Amino acid sequence: MESIRIEVGNLADLEILSKEFNIPKKELIAFHNQHCSLHEILPDHLPKYIKYLYIPADIQIQRKDKIVNSRIDLPDTLADLTYGVLIKDALSGIQMHYLVDIQREYENKVSFTKRKMYVDDQELELMMEKLIESASEALYPLDFSLKKDGKIDKILNGKEIRKRWEKEYLPKIKQYYVGSVAEEFINKLNGFYENIDEAPEDLYTNIFYPIFFLPLYTSYPDYEKEESLSFNFSGIDQFVSYAAHFSMQKTFTEQDQILIHVTGEEEDNGEVGGKRGSLNVMYRVDKNTKYITSVEAELSTFYRNEEIKIYIEIYQQKSYI
């Protein structure tokens, strides 16, 4: 069988190469050893000094169709997308879930709506939970534009949202929720809505937005990039920054997905000898549409020597109608 020599590069793992080429590991080693020079013979692993691997030529032809472009551009096609969102606080064990509807329009415009939220599979019961949910309804539909890398750029219907808050929601909330705690929280909400079109970054206090609208759509030199990322931990009311490493898998998955793995360590917060949290997020992006199909994330930090951990799952809801 005709062979071809390929550069191994950073893939120093025969298990990964075996899956990529769809050849059993033992057969991959045997084929290479039949066609290589004496000093290139493989043991049962891939030594660092091996720069090239010999594989069947027909496998390489098939492989070229599976190679991912190292640049991914923000999709500009119209789309109506629905995602299921689950956010779990590991310390308390409380989990929230809800659906979001995302309507993608031309010129990187987005219309976003959040549906009813449930806590531990139950409707909201506590006063503050109901207050937060009632107040958030004024935000939707939320229209905004995206930057070329996928991050939120500008809120487009700020005046409409502010009017909705002042005329429809604020009077009702003041009527039904009384007391010093409710009043303090309502004042914060009022400040948020008054400046809604001036500070789109305020949306990022809700961890869904910075996770889903992460700067994924860009170039990945050597299928990698580095960037500093920040996320809000609502339980401690603090933003935590991470030195993040983005790694794009070079080949499509069997389901024609692009995999982007984001890992990182919490950046130095100035506390001597303090423990640091970590970041671990896996994105799956559709090969053809370039829309996100799923996100699985785990973020952690330390607060008063206690680990605070958040799990997030976001999955596109498929329509079978």
Side-chain angles (χ1 to χ4, degrees), residues 81-102 112-126 128-129 132-133 136 139 150-152 201-216 227-249 253 255 257-267 269 274-286 291-318:
L81 308 166
T82 298
Y83 292 89
V85 181
L86 185 146
I87 302 174
K88 181 178 180 179
D89 181 277
L91 191 61
S92 66
I94 294 174
Q95 64 179 30
M96 302 175 293
H97 68 88
Y98 52 87
L99 296 175
V100 296
D101 297 311
I102 300 177
F112 184 96
T113 302
K114 174 177 167 288
R115 300 194 205 174
K116 190 174 184 177
M117 182 169 69
Y118 295 84
V119 174
D120 293 334
D121 296 322
Q122 303 292 325
E123 293 190 9
L124 303 183
E125 296 179 352
L126 300 178
M128 287 304 295
E129 291 177 347
I132 294 169
E133 181 72 356
S136 70
L139 187 59
K151 291 180 68 175
I152 295 175
E201 61 274 10
D202 286 350
L203 292 173
Y204 281 38
T205 55
N206 180 339
I207 199 168
F208 168 84
Y209 291 101
I211 286 288
F212 191 82
F213 296 101
L214 204 73
L216 290 179
E227 189 163 338
S228 179
L229 301 174
S230 296
F231 302 94
N232 181 48
F233 282 70
S234 59
I236 58 175
D237 196 24
Q238 288 185 8
F239 274 87
V240 176
S241 297
Y242 301 88
H245 175 79
F246 291 65
S247 177
M248 177 189 285
Q249 183 170 295
T253 68
Q255 294 76 33
Q257 305 282 318
I258 300 169
L259 292 186
I260 301 174
H261 193 193
V262 184
T263 56
E265 183 181 59
E266 184 176 352
E267 294 178 344
N269 57 14
K275 296 179 180 179
R276 299 190 191 185
S278 61
L279 172 71
N280 190 351
V281 192
M282 179 66 77
Y283 291 86
R284 288 176 173 81
V285 178
D286 186 86
Y291 286 118
I292 292 172
T293 58
S294 72
V295 184
E296 297 175 12
E298 180 181 312
L299 302 87
S300 68
T301 186
F302 285 85
Y303 182 72
R304 295 177 179 174
N305 291 322
E306 189 169 33
E307 187 177 27
I308 310 296
K309 189 175 290 187
I310 301 174
Y311 299 100
I312 302 167
E313 295 180 7
I314 305 171
Y315 287 95
Q316 185 178 352
Q317 306 295 293
K318 298 294 185 180

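Since this is a predicted model, take the numbers as computed values, not measurements.
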Using atom types as modelled, flag every donor-acceptor pair under 3.5 Å from a side chain in residues 232-243 to any protein atom, sequence neighbours excluded.
| unit_1 | atom_1 | unit_2 | atom_2 | d |
| --- | --- | --- | --- | --- |
| N232 | ND2 | T205 | O | 2.8 |
| S241 | OG | S230 | OG | 2.7 |
| Y242 | OH | S300 | O | 2.8 |

Please output the side-chain donor-acceptor pairs of residues 83-93 that fall under 3.5 Å, not counting sequence neighbours, one pair per line with the distance.
| unit_1 | atom_1 | unit_2 | atom_2 | d |
| --- | --- | --- | --- | --- |
| Y83 | OH | I292 | O | 2.5 |
| D89 | OD1 | L91 | N | 3.1 |
| D89 | OD1 | S92 | N | 2.8 |
| D89 | OD1 | S92 | OG | 3.1 |
| S92 | OG | I94 | N | 3.2 |

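Of all heavy-atom pairs between P210 and L214, the closest is O-CD1, 3.1 Å.
With contacts defined as side-chain heavy-atom distances shorter than 4.5 Å, the pair I310/I207 qualifies. Within the 4.5 Å cutoff, the side chain of V295 has no heavy atoms near those of the Y315 side chain. Within the 4.5 Å cutoff, the side chain of F246 has no heavy atoms near those of the T263 side chain. Side chains of D286 and Q257 form a contact here, defined as non-hydrogen atoms less than 4.5 Å apart. Counting heavy atoms from C-beta outward, V281 and I312 have side chains that stay 4.5 Å or more apart. Using a 4.5 Å heavy-atom threshold, the side chains of V119 and Q95 count as separate. Annotation: side chain of I211 is in contact with side chain of I314 (closest heavy-atom distance under 4.5 Å).
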Trace of the salt bridge (Lys or Arg N to Asp or Glu O under 4.0 Å) decision for K114 with E133 | CA-CA 10 Å; K114 174 177 167 288; E133 181 72 356; 3.2 Å; yes

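The closest donor-acceptor contact from the side chain of T293 to the backbone of R284 lies under 3.5 Å. Counting only distance, with no hydrogens or angles, the side chain of E266 and the backbone of G277 share a donor-acceptor pair below 3.5 Å.
For N206, the side chain to side chain contact (heavy atoms under 4.5 Å, CB included) partners at least two apart in sequence or on another chain are Y98, F208, Y209. By the ring pair (Phe, Tyr, Trp, His ring centres under 6.0 Å) test, F213 is found to be paired with F144, residues two or more places apart in sequence or in another chain being considered. Residues forming a salt bridge (Lys or Arg N to Asp or Glu O under 4.0 Å) with E313 (at least two apart in sequence, or on another chain): none. Residues satisfying the ring pair (Phe, Tyr, Trp, His ring centres under 6.0 Å) test with H245, not counting sequence neighbours, are none.
Side-chain polar atoms of T82 and Q316 form no donor-acceptor pair below 3.5 angstrom.
With respect to the salt-bridge test (charged N to carboxylate O, under 4.0 angstrom), the residues E201 and K151 do not qualify.
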